[in-house]
Amino acid sequence: MKLTSSYEPDKFESDIYSAWESSGAFSPTDSSRTRERAGGLSKSDESVTRDEYSIVMPPPNANGNLHIGHGLTIAIEDSLTRYYRLKGNNTWYIPGADHAGFETWVVYERALEAVGHTRFEYSRDELYAKVWDFVQEQRGNMELQVRALGASCAWNDLTFTLDENVVARVYKTFEKMWNDGMIYRGEKLVNYCPKHQTAFADIEVEHLDEPGHLWDIKYEVAGAEPNCAFRDNKEPQPAVENTLTPFSEHELASARKKQAVKVSFDDGDEAPVEKSVIGSSPSYIVVSTTRPETLFGDQAVAVNPNDERYKDLIGKFVKLPLTDRTIPIIADEHADPTYGTGAVKITPAHDFDDFEVGKRHNLENLRVIGDDGKMLETAGKEYAGLTTEECRQKVLNRLEEQGLLLGSHEISHSVAHCYKCGTVIEPTLKEQWFIDVEKLAKIAIDHLKKGEIKFYPENKKQVLINYLKGLKDWNISRQIPWGIPIPMFKKTEAVSGTGKEHFDDTPDWIFDTRTNLETIEVGGVKYQRDEDTFDTWFSSSHWPIVTTDWTEQHGSPFYPLNVMETGADILFAWVARMIMMGLYVTGEVPFKEVYLHGLVLDSHGKKMSKSKGNVINPMDLVAKYGSDAFRLGILRGRSAGLAQAFSEDSVVASRNLCNKLWNIARLIDSWADAESNESISTDNMGEDWICRELDNLRKHLEKYMKSYRFAEAVEDLYSTIWDKYADWFLESQKGIKNLPLLKKTLENLLIMAHPFMPFVTETIWQALSWTDGMIITQKWPASLVYDPISAENFERLMLTVSEARKVLAGLGDTVKGISVGLLYGDDALVADNSELVRQLTRTDFVKPTDGTPKGIRLALPGREVYLDVSEKVVKHYKDQLTERILKVGRELDALNARMLNPNYVQKAPANLVAETKKGITEKEELIKRLKLELEVIN
RNA sequence: GGGUCGCUAGCUCAGUUGGCUAGAGCGCUUCCUUUACACGGAAGAAGUCAGGGGUUCGAAUCCCUUGCGACCCACCA
């Protein structure tokens, strides 16, 4: 086959991929989807080493495009997969596609709005069907892009996150949790995005530090009885036993000092009031708040039980400004005496902390902000319908008119935002389904502590444990139609003809998987479907279970996965949940190892973002430089867990490597015209040397793959292919051509490179005249036989050659156009390889001296080689020589200094000391010789 | 407030039980159209390993500390 002088990836990649895919090489030899399984592995027997190697692809959005992170994920996962496939494992790389609940919903809703419609015009079932169609229309790009990256995944086993088996498994788990009492419906404050009108889990909220204001508002003490503060006539319960010592004068003084800073009035006309805001007097109390608009929902004012300033006010009532309500002053640890005035208004329905305080003191949850983010009637007629922003301004104006606004401090505080649209999250009171995570987290922590999962990077394990320790109950309800419906139905009415008593006895909610029906009838009672869908992380936490076809009866030979490879950014959202759910459902951890890759940054180490315009599209690079170049380029200089820069340069360098390999193959193939069936043997030291180097590469790659050090693997591969195989071995073969060995070493090199550069290695494999089959299914190389002493000798020869080249290059113009050769004296190494030395040094001749040395002697211990140049040229060499002597002298001094230290000689390892001694001897000899040469010139 | 990570050549990064003269790619300089490759070959310049202290015969590596940067968690009203 005639090959072009440079590798053109776009000519081969798609054909190669099709050939792989249709050959069945991507599927495990015994696909779990099609066979009867005899049973899983014994769970207790740790010594069982299985042949299966399983890895799942974190499912990319089914209707999206791949971004740079996916590119990295696939480069890593596919390299692992191909490596273990070559090693002979029964390998299963399982692809997936994500319905991406909220992400897709946002895109769809935007499209809907663009044509003048809103979600509120349709029923959930209608919307679900519409989004389904929308996704189907958009689908396909992602899968083509995964193919373009060369992922050797089993496409027949692709799992979509809304596939029947996924839904069935999720419902099964939900039912088990429901029966185990781990699921409850609770009215709680949830993170709520008023724009998208759905709740979020804590981790889906983005906290940003922002400037804001802290306003001091005067609440006047009222003598009257409460009219709304407590419900059910229950006595308020003390928050915490007041056993703490009161704050010291010093603490209070520092607290007051803080308040005194930056006090100014909003209108700016008056000079800033440089005095401390008075926290209280017998007739009023000043509260500090960042959200005056929630005032209408206030149920109390809290002060710290140990705060001397307010001791006398606890139990009294204040008049709530702008309303006719009165609320109590309560004592609660939540109030921080050092912040603001130390008195805080309590709005249980609109603040997470206040909600907790409210629970402790039996306060009412009065909502004043609606689901749409606008004020409700409960805030008063004047304010109803206003946005929170508008309302805030109006409230501030009113308060100021009434002289109740005492101060405004500029502060920086953390504000929660919707991670998708940036809207400020409104803590909202909602009835939602929650998972009691206590047990789940505890089991996960136990298994993690036992070291059942190995983390790369290691430190993430403790980070995860810390997260699990503080985990709060998990809200799994989402108010969007695109997702797996929650299989819960609410009791509505008794069907006519059945007894009413029976109706009362039935539970309010029942579990049922008939979520395609809006209403169902069970035991004479009608139930209405809950309209919410699951948090996508709830279903995706089952990913290792569903993709490996794990069952209660048989387990799966592919579960647990060998490795979970994903982004460090979803350690909590996904990895943590997979571990909890895997253990809960199967009793086993879902994977044995976790490799977390870091964020891919732009070439200057900045985060990629559309607004900055620095987004790198992996497909652009694939098109420009080829898939292999992209994969090598993104693995280069990257280590686990770290956010690191990525630039086109590394892809260019990798493209060059592909081309180098291509040309290596071209050269050998051009030599291999004639059939040769001779057996493989090493006949000279260059051959022994390359066998040793290839064997080292093999060992290194094995070590690197085991420890997920991809960058080092790529680095080693690069230098072996280029610096060793091409620059030295092939150059040394130009006059020899040991074909059987050339072929064998090339095959080994191609196979070892295949996991990282699959396309070019396969293309070459197909093009070579003597190879059969496909490289993807070849066997990982065995060790090669070589003579280590001979290999070591080649290193000496290389040094000699390098030295000769260096001196020649240093001579520069003085030898231009002049025929230069090498002369050797008593030097067996050079004598026995004179032709090779001549070739490698590109000199005109290499021959023995006629007995009298002349020219420039190469500065090498144990060598006697001269560059045969005229005396005139030798004189030009003087400066170089002098510099050389100084340099070696400095090196010698350093070594001598080491030996002069008695502690070094005494305490350092013997071999090290011996090496130092040897170094000194060599350098002394070298200097002696160089000086001699210098004398000769003079 | 708590935590994690990083700071090594102009740029991006290696450097894993502390030990030869601290490496690579890109970039830069000089030379070479040598019959696989200019996406090439040969040679070269370039580093107070963030600062300070400590442990050690020996520290980029271990400990302490300061600074700078990135990120995560958290209920600062």
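Throughout, protein chains are lettered first and strands after them, A, B, ... in sequence-line order, and every chain is numbered starting at 1.
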message: I want to check one thing: is the phosphate of B:rC37, taken as OP1 and OP2, less than 4.0 Å away from some side-chain N or O of A:Trp722?
response: no

- request: For the side chain of A:Lys660, starting at C-beta, report the closest nucleotide among B:rC37, B:rA77, B:rC39.
  value: B:rC37

message: Base, sugar-phosphate or nothing for A:Lys472? Non-hydrogen atoms, less than 4.0 Å.
response: sugar-phosphate

message: Under 4.0 Å, counting only non-hydrogen atoms across every strand here, what does A:Arg655 touch: a base, just sugar-phosphate, or nothing?
response: base

task: May I ask you to evaluate whether A:His413 reaches the phosphate of B:rA77, defined as a side-chain N or O under 4.0 Å from OP1 or OP2?
output: yes

task: Select base, sugar-phosphate, or nothing to describe what A:Thr347 touches, counting heavy atoms under 4.0 Å on all strands.
output: nothing

message: Ring-plane angle category for A:Tyr718 and A:Trp722, please: parallel below 30°, perpendicular beyond 60°, tilted otherwise.
response: parallel

message: Roughly how many Å apart are B:rC13 and B:rA60, using the C1' atom of each and rounding to a whole number?
response: 14 Å

message: Given B:rC37, B:rC71, B:rC13, identify the nucleotide with an atom nearest to the side chain of A:Lys607.
response: B:rC71

statement: Side-chain atoms of A:Asn901 come closest, of B:rC20, B:rC57, B:rA36, to B:rC57

- request: Just compare B:rA74, B:rA36, B:rU21 and give me whichever is closest to any side-chain atom of A:Ser414.
  value: B:rA74

task: Output the single nucleotide from B:rG40, B:rU4, B:rA24 whose closest atom is nearest the side chain of A:Asn459.
output: B:rU4

query: side-chain hydrogen bond (donor to acceptor under 3.5 Å, both in side chains) between A:Ser288 and A:Tyr339: does it pass, once the steps are laid out?
result: CA-CA 8 Å; A:Ser288 302; A:Tyr339 192 89; over 6 Å; no

P-based separation of B:rA14 from B:rG6 [nearest Å]: 9 Å

task: Provide the distance between the two P atoms, one in B:rC26 and one in B:rU65, to the nearest whole Å.
output: 41 Å

- prompt: Cut-off 3.5 Å, side chains only: do A:Thr763 and A:Lys11 have a donor facing an acceptor?
  reply: no

- request: Go ahead and name the base partner of B:rG40; Watson-Crick or wobble counts if both distances stay under 3.5 Å, otherwise write none.
  value: B:rC32

Shortest side-chain distance from A:Gln644, nucleotide among B:rC13, B:rC37, B:rC26: B:rC13

field: Base paired to B:rG6 (Watson-Crick or G-U; both N/O distances under 3.5 angstrom)
entry: B:rC68

Nearest-Å distance once atom C1' is located in both B:rG47 and B:rG10: 11 Å

- prompt: Side-chain donor or acceptor of A:Glu803 under 3.5 Å from a matching atom on the base of B:rA43?
  reply: no

task: Please name all residues satisfying side chain to side chain contact (heavy atoms under 4.5 Å, CB included) with A:Tyr419, sequence neighbours left out, ordered by chain then number.
output: A:Phe102, A:Glu103, A:Phe200, A:Glu204, A:Glu206

task: Assign A:Ser288 to base, sugar-phosphate, or nothing according to its heavy-atom contacts below 4.0 angstrom with the strands shown.
output: base

- request: Looking only at side-chain atoms of A:Leu730, point me to the closest of B:rA43, B:rC26, B:rA36.
  value: B:rA36

message: Output the rounded distance in Å from CG (A:Leu601) to P (B:rU12).
response: 11 Å

- prompt: Taking for each residue the nucleotide of RNA chain B with the nearest heavy atom, is it A:Asp649 or A:Arg805 whose nucleotide lies nearer the 5' end?
  reply: A:Asp649

field: Sugar-phosphate, base or nothing in reach of A:Glu715, heavy atoms under 4.0 Å
entry: sugar-phosphate

- prompt: Reckon A:Glu356 touches a base, only the sugar-phosphate, or nothing at all at heavy-atom distances under 4.0 Å?
  reply: nothing

- request: Give the rounded distance in Å between these two atoms: CZ of A:Phe572 and C1' of B:rC72.
  value: 6 Å

field: 5' priority, RNA chain B, between A:Leu667 and A:Asp727 [closest heavy atom]
entry: A:Leu667

- request: Taking atom types as modelled, find out whether A:Asp628 and A:Ser654 have a side-chain donor-acceptor pair closer than 3.5 angstrom.
  value: no

field: Pair A:Leu717-A:Leu657, side-chain contact (heavy atoms from CB on, under 4.5 Å): steps then yes or no
entry: CA-CA 10 Å; A:Leu717 199 59; A:Leu657 179 67; 5.5 Å; no

task: Pick the P atom in B:rC5 and in B:rC75, then give their distance to the nearest Å.
output: 23 Å

query: Whole-Å distance between B:rC20 P and A:Ile920 CD1?
result: 16 Å

field: Distance, P atom - from B:rU55 to B:rC64, rounded to whole angstrom
entry: 15 Å

task: Would you please test A:Ile327 and A:Val318 for side-chain contact (heavy atoms from CB on, under 4.5 Å) and show each step?
output: CA-CA 5 Å; A:Ile327 55 173; A:Val318 289; 3.6 Å; yes

message: Please classify the nucleic acid contact of A:Ala726 as base, sugar-phosphate, or nothing, using heavy-atom distances under 4.0 Å.
response: base

message: Students often mix this up, so state it plainly: with edges at 30° and 60°, are the rings of A:Tyr7 and A:Phe12 parallel, tilted or perpendicular?
response: parallel

message: Just by distance, no angles: are the side chains of A:Asn466 and A:Gln462 close enough, under 3.5 Å, to form a donor-acceptor pair?
response: yes

- prompt: Contact class for A:Thr290 vs. all strands (heavy atom < 4.0 Å): base, sugar-phosphate, or nothing?
  reply: sugar-phosphate

task: Let me know the distance between CZ of A:Phe646 and P of B:rC26, rounded to the nearest Å.
output: 15 Å

statement: Atom CE of A:Met608 and atom P of B:rC71 are separated, to the nearest Å, by 15 Å

query: Do we get A:Arg392 above A:Trp215's six-membered ring, with its NZ or CZ under 6.0 Å from the centre and within 45° of the axis?
result: no

task: With C1' as the reference atom in both, quote the distance from B:rC7 to B:rG44 in angstrom, rounded to an integer.
output: 29 Å

task: State the pairing partner of B:rA60; accept Watson-Crick or G-U wobble contacts with both distances under 3.5 Å, and report none otherwise.
output: none

- prompt: Using atom P of each nucleotide, how far apart are B:rC11 and B:rC49 to the nearest Å?
  reply: 15 Å

task: Specify the separation, in whole Å, of atom CG of A:Asn656 and atom C1' of B:rC39.
output: 4 Å

For nucleotides 15-19 of chain B, list the nitrogen or oxygen atoms of the protein found under 3.5 Å from its nitrogen or oxygen atoms, one pair per line.
unit_1	atom_1	unit_2	atom_2	d
B:rU16	N3	A:Arg709	NH1	3.4
B:rU16	O4	A:Arg709	NE	2.8

- prompt: Considering only B:rA77, B:rA36, B:rC26, which nucleotide approaches the side chain of A:Tyr339 most closely?
  reply: B:rA77

- request: Round to a whole Å and report the spacing from CG of A:Asp716 to C1' of B:rG23.
  value: 13 Å

task: Take the protein atom CZ of A:Phe455 and the nucleotide atom P of B:rC5, then report the distance between them rounded to whole Å.
output: 15 Å

- request: Report which part of the nucleic acid A:Lys703 touches: base, sugar-phosphate, or nothing (heavy-atom distance under 4.0 Å, all strands).
  value: nothing

field: Main-chain N/O of A:Ile369 paired with A:His350 side-chain donor or acceptor, under 3.5 Å
entry: yes

- request: Select one nucleotide: of B:rG25, B:rC37, B:rU21, the one nearest the side-chain heavy atoms of A:Leu895.
  value: B:rU21

